[in-house]
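Working notes, beginning with the structure itself.
Predicted model only: the values in this text are computed from it and were never measured. Order of the sequence lines fixes the chain letters, A, B, ..., with proteins taken first and strands second; residue numbering starts at 1 for each chain.
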2 protein chains.
Amino acid sequence: MQKEIELFRDGLKKNNLKVTRQRLRVLEAFLKTEKHVSCDELYRLIRGEHPEIGYATVYRTLKLIQEAGLAREVDFGDKVLRLEHEYGHKHHDHLICLACGKFFEVFDPDIEALQEKLAKKQNFTPVRHKMDIFGYCQKCQGKSASCV
Amino acid sequence: MQKEIELFRDGLKKNNLKVTRQRLRVLEAFLKTEKHVSCDELYRLIRGEHPEIGYATVYRTLKLIQEAGLAREVDFGDKVLRLEHEYGHKHHDHLICLACGKFFEVFDPDIEALQEKLAKKQNFTPVRHKMDIFGYCQKCQGKSASCV
DNA sequence: GTATAATTGAAAATGATTTTCAATTTCATA
DNA sequence: TATGAAATTGAAAATCATTTTCAATTATAC
């Protein structure tokens, strides 16, 4: 966590931005949660300990955290911006359960290699990609989405 | 196109919904465009010929088109709901250019097979998946996103 | 044709995200 | 450690896509 805070400070300094109490609180809250957290969820978490920090500040700081390379966007199809940890977390794909909403992180080097090859074949230079598989997890086998 | 219209009518009838002039106009407009169209874009297209059709009707009809299995959602990361043709269009993945915004449809059966295997290994029953590769297309090589 | 249930368009509501702005805070420099 | 320019803050308002409301209209089974 110290390393992440260092990277965040560096990112701010590099852009002539200031290291404020609020920004550090938001970063700490983000680092503490391992969830794929939305801005609203993080705001509620922070509000408990620091009710003086406003929604806009949380929102703005999340952008900065992304820009510092500490978080990446994930999209679970619910139209809400969610962020997951990036630093120290390798790229991975997601299995997302349509019944219970839980997600699982997976990684397959063979798929990654084929994706790279597929892009190259089209003379396309890949920068990043995302792959999400929606379905039913072990516990929810046989359930349908409406049974949630 | 006749087949699609037939399927749409059937879908409506099955749910005790009515086949209206407006719904047919929206479907036709959707079928005519091969783009990954947003609700707003489609509304503007329709407005030219049928200014009496309202936004809400376009929006509602797009839902029905989806439910009839004629369109599926795509997400290009711009927070806007977009639909692409589903009927007669096989599943595919997308290469999305960060510079010019163009996209390319690709398909690799080996990747599909590995995805299936990956899910199974986690006792996960896949229903659908999406894979988007963001990067730079042949024309935009070397450009950065800010050069658009 | 008539009854009735669904549909329509306009406008308003919603909900996440983003901006505005006056007051406050940071921090490089003195 | 003080100072002042520049950045930041929180609250509220604005934005923007999406979704709902509702009274008037329309489709369709009989």
Legend entry - Any pair counted as side chain to side chain donor-acceptor pair (under 3.5 Å), so long as it reaches residues 42-53 of chain B, sequence neighbours left out: B:Arg21-B:Glu52, B:Asp40-B:Arg44
Legend entry - Listed once per pair and sorted, the salt bridge (charged side-chain N to carboxylate O under 4.0 Å, His left out) pairs that draw on residues 4-13 of chain A, sequence neighbours left out: none
Inset, instruction - Could you tell me whether a side-chain N or O of B:Gln115 sits under 3.5 Å from a main-chain N or O of B:Pro126, the two making a donor and an acceptor? - result: no
Legend entry - Nearest-angstrom distance from the residue atom CG of A:Leu12 to C1' of D:dA7: 11 Å
Inset, instruction - Just grab all the salt bridge (charged side-chain N to carboxylate O under 4.0 Å, His left out) pairs involving residues 56-73 of chain B, residues at least two apart or on different chains. - result: B:Arg72-B:Glu84, B:Arg72-B:Glu86
Legend entry - Summary of salt bridge (charged side-chain N to carboxylate O under 4.0 Å, His left out) pairs that have at least one residue in residues 99-124 of chain B, sequence neighbours excluded: B:Glu116-B:Lys120
Legend entry - Donor-acceptor pair, side chain of B:Thr57 and main chain of B:Ile53, under 3.5 angstrom: no
Inset, instruction - Would you mind listing the cluster partners of A:Phe107? Hydrophobic ones only (ILVMFWY), side-chain contacts under 4.5 Å, chaining allowed. - result: none
Inset, instruction - Going 5' to 3' through nucleotides 20-30 of chain C, assign each nucleotide B (protein heavy atom under 4.0 Å from a base atom), S (under 4.0 Å only from sugar-phosphate atoms) or - (no protein heavy atom that close). - result: B-----BS---
Inset, instruction - Grab the CZ-C1' distance between B:Arg9 and D:dA27 for me, whole Å please. - result: 12 Å
Legend entry - Co-members of B:Leu118 in a cluster of I, L, V, M, F, W and Y side chains, linked at under 4.5 Å: A:Leu95, A:Phe104, A:Val106, A:Ile111, A:Leu114, A:Leu118, A:Phe124, A:Met131, A:Ile133, B:Leu95, B:Phe104, B:Val106, B:Ile111, B:Leu114, B:Phe124, B:Met131, B:Ile133
Inset, instruction - Nearest whole angstrom, please: distance from the C1' of D:dA7 to the CG of A:Leu24. - result: 15 Å
N/O-N/O pairs, protein side and nucleotides 15-17 of chain C side, under 3.5 Å:
from: C:dT17; atom 1: OP1; to: A:Leu81; atom 2: N; distance (Å): 2.8

Inset, instruction - Can you tell me the distance, in whole Å, between the CD atom of B:Glu73 and the C1' atom of D:dA17? - result: 13 Å
Legend entry - Short side-chain N/O contact from A:Arg23 to OP1 or OP2 of D:dA7, under 4.0 Å: no
Inset, instruction - Round to a whole Å and report the spacing from CG of A:Asn15 to P of D:dA7. - result: 12 Å
Inset, instruction - Could you state the atom-to-atom distance from CD1 of B:Ile46 to C1' of C:dG9 in whole Å? - result: 14 Å
Legend entry - Nearest-angstrom distance from the residue atom CD of B:Glu41 to P of D:dT18: 10 Å
Inset, instruction - If a pair satisfies ring pair (Phe, Tyr, Trp, His ring centres under 6.0 Å) and one of its residues is in residues 13-39 of chain A, list it, with sequence neighbours excluded. - result: A:Phe30-A:His85, A:His36-A:Phe76, A:His36-A:His94, A:His36-A:Phe103
